[in-house]
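Below: one structure, written as structure tokens.
The chains referred to below are lettered A, B, ... by the order of the sequence lines, with proteins before strands, and numbering in each begins at 1.
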Protein chains: 2
Amino acid sequence: MNHSRTDYVILGLLTVQPNLSGYDVRKAVESSIGYFWSESYGQIYPTLKRLAAKGLIQPSAFAPKSRRQQYAITPAGRESLHQWLALPFYNEPPRNEFLLKLFFGAEAPAAVSAAHIRDLNQKNRQMLATALEIEAMARRQPPQNPHQPYWMLTLTLGIALTRAALDWGESALAQIESPAPTPDLPSPHDPPSRP
Amino acid sequence: MNHSRTDYVILGLLTVQPNLSGYDVRKAVESSIGYFWSESYGQIYPTLKRLAAKGLIQPSAFAPKSRRQQYAITPAGRESLHQWLALPFYNEPPRNEFLLKLFFGAEAPAAVSAAHIRDLNQKNRQMLATALEIEAMARRQPPQNPHQPYWMLTLTLGIALTRAALDWGESALAQIESPAPTPDLPSPHDPPSRP
DNA sequence: CGTGGCATGTAAACGGTTACATGATTTA
DNA sequence: TAAATCATGTAACCGTTTACATGCCACG
């Protein structure tokens, strides 16, 4: 009776692509909503069974050579998805370990926090690069797909947030690495870093 | 033997304020790291017991009138915190329900997604306002506290991300509400919304 | 005195991951 | 035929939240 969000991930993906196996679902999650969602097999397979038992999806083609049991969404499943979409979204309690470590940064040498920030910047540069690639690719071909405008929105939010985080990261690094800028006593031992 | 992150939240907070009870920890989490972390009593109280048993914290003053059992960090606890701070941070699998619903937005009337975005904007405006207040308050008094520079960094990241999300939200709303702008066929029935 | 809120605590449930088991199929 | 990897599945565990229980103190 209790629908977890995994249910709607699967139902949603089945509206995008009509036949998916558990394996397919996993791949689809990773490749299309991977940067803001994740699912593990331990969730996916039992959920498929449960959704089928409830009639929200149904076993469809048993893919010829590939021994993959595929499923398709039913009208009832689509209905259920629509209802969920209309409910207000619920953001779970935040838990950002990077910010947690930074918050307690004064307990460690400045180099520790600096390393974390560099680490974050690295990840963000990577993320930005792939997001921009995807965006460029999507913009090249005309929007035949009714989902595409929404996908672009999720993408542009990701890009905007990553850019903001990167900007912050650079200035944060500068602040941390310049050792306590006492205005009239320029630090004697740390040469200004010029990459 | 396994240290959960709740351990380090408590140890960290005890380096900031020397004596805290379970109740205090909860309040401190909410008021100081609330926008990127959360803890429930069900975690806090058992963790306090466990940390005390391991000697990482110790019962200190039993607060006079208030029947609150307070704890203080021990040298071993501080050591443990330092070690953890030096480890790379681990960001748990992302799970953003807002983006999930937006991704499947094409399955529902555009008004549904628009409402979600407005909802998000509302939350972000709220968040930005309080963050800016805190920032202004912090900047007013000179940095007596060695933790403050790090706290400011977490704050400025929050502000930057929220601003970016708000900017995105406005343009996203505009895009969604303008019904499929066919260039040479200006939409006949939707009057341009002027707030 | 009684009631409402403060403070501590815990049992049970929950959503989710990890680790492992098992065939079946492709590739070398 | 051996090794790799595809695909499905599940049991156990884990961190966490929820809901509830309990006693204490302040205040009307």
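- Of the possible polar contacts, none joining the B/His82 side chain to the A/Pro109 backbone as a donor-acceptor pair under 3.5 Å is found.
- At whole-Å resolution of the value, OH in B/Tyr8 and C1' in D/dT16 are 18 Å apart.
- Taking side-chain N and O atoms only, B/Ser4 has a distance below 4.0 Å to OP1 or OP2 of D/dT16.
- Cation-pi geometry between A/Arg26 and A/Tyr41 is met: the NZ or CZ atom falls under 6.0 Å from the ring centre, inside 45° of the normal.
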For nucleotides 20-23 of chain C, tabulate all protein N/O to nucleotide N/O atom pairs closer than 3.5 Å, reporting atom names and distance.
none

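- A donor-acceptor contact closer than 3.5 angstrom is absent between the side chains of B/Glu170 and B/Trp168.
- A salt bridge between A/Arg163 and A/Asp167 is absent, with no side-chain N of the basic residue lying under 4.0 Å from a carboxylate O of the acidic one.
- Here D/dA7 is the nucleotide among D/dA7, C/dG16, C/dA7 with the atom lying nearest to any side-chain atom of A/Tyr45.
- Using a 4.0 Å cut-off, no side-chain N or O of B/Arg68 falls inside it from OP1 or OP2 of D/dG23.
- Using a 4.0 Å cut-off, no side-chain N or O of B/Ser21 falls inside it from OP1 or OP2 of C/dA7.
- Regarding contacts with the backbone of D/dG9, every side-chain N or O of A/Tyr41 stays at 4.0 angstrom or more from both OP1 and OP2.
- Aromatic ring pairs are classed by plane angle as parallel below 30°, tilted from 30° to 60° and perpendicular above 60°; the pair A/Trp151 and B/Phe103 is parallel.
- A donor-acceptor pair shorter than 3.5 Å can be found between the side chains of A/Asn19 and A/Ser60.
- Atom CG of B/Leu20 and atom C1' of C/dA7 are 14 Å apart (whole Å).
- For A/Lys49, a side-chain nitrogen or oxygen approaches OP1 or OP2 of D/dG9 to under 4.0 Å.
- A straight line from CG of A/Asn19 to P of D/dA7 spans 15 Å, rounded to a whole angstrom.
- Put simply, CD on B/Gln69 is 16 Å from C1' on D/dG23, counting in whole angstrom units.
- Fit an axis to the five pairs at each end of the helix from C/dC1-D/dG28 to C/dA28-D/dT1 and the two axes sit 10° apart, to the nearest 10 degrees.
- Residue A/Ile44 contributes atom CD1, which lies 14 Å from atom C1' of C/dT18 at whole-angstrom precision.
- Regarding B/Glu92, its CD atom lies at a distance of 10 Å from the C1' atom of D/dG15, rounded to whole Å.
- Side-chain contact check for A/Arg78 and A/Thr15: no donor-acceptor pair (N or O, by modelled atom type) lies under 3.5 Å.
- The shortest side-chain heavy-atom distance between B/Lys54 and B/Asp7 falls under the 4.5 Å cut-off.
- The aromatic ring centres of B/Tyr8 and B/His3 sit less than 6.0 Å apart.
- Annotation: proximity of residues 24-40 of chain B to DNA chain D (heavy atom, distance under 4.0 Å) is found for B/Ser38, B/Ser40, numbered in ascending order.
- For the pair B/Arg95 CZ and D/dT16 P, the computed distance is 14 Å after rounding to whole Å.
- Between A/Glu177 and A/Arg118, at least one side-chain nitrogen of the basic residue sits less than 4.0 Å from a carboxylate oxygen of the acidic one, meeting the salt-bridge criterion.
- Remark: the A/Gln83 side chain and the A/Glu79 side chain contain an N/O donor-acceptor pair separated by less than 3.5 Å.
- A salt bridge is defined here as a Lys NZ or Arg NE, NH1 or NH2 lying under 4.0 Å from an Asp or Glu carboxylate O, and A/Arg5 with A/Glu92 meets this definition.
- Nucleic acid contact for B/Gly42: base, since at least one base atom lies under 4.0 Å from a heavy atom of the residue.
- When rounded to the nearest whole Å, the span between NE2 of A/His3 and P of C/dC14 equals 14 Å.
- Comparing B/Tyr23 and B/Gln43 by the nucleotide of DNA chain C whose heavy atom lies nearest to each, the residue mapping closer to the 5' end is B/Tyr23.
- The 5' end of DNA chain C is approached more closely, in terms of each residue's nearest nucleotide, by B/Gly22 than by the other of B/Gly22 and B/Tyr90.
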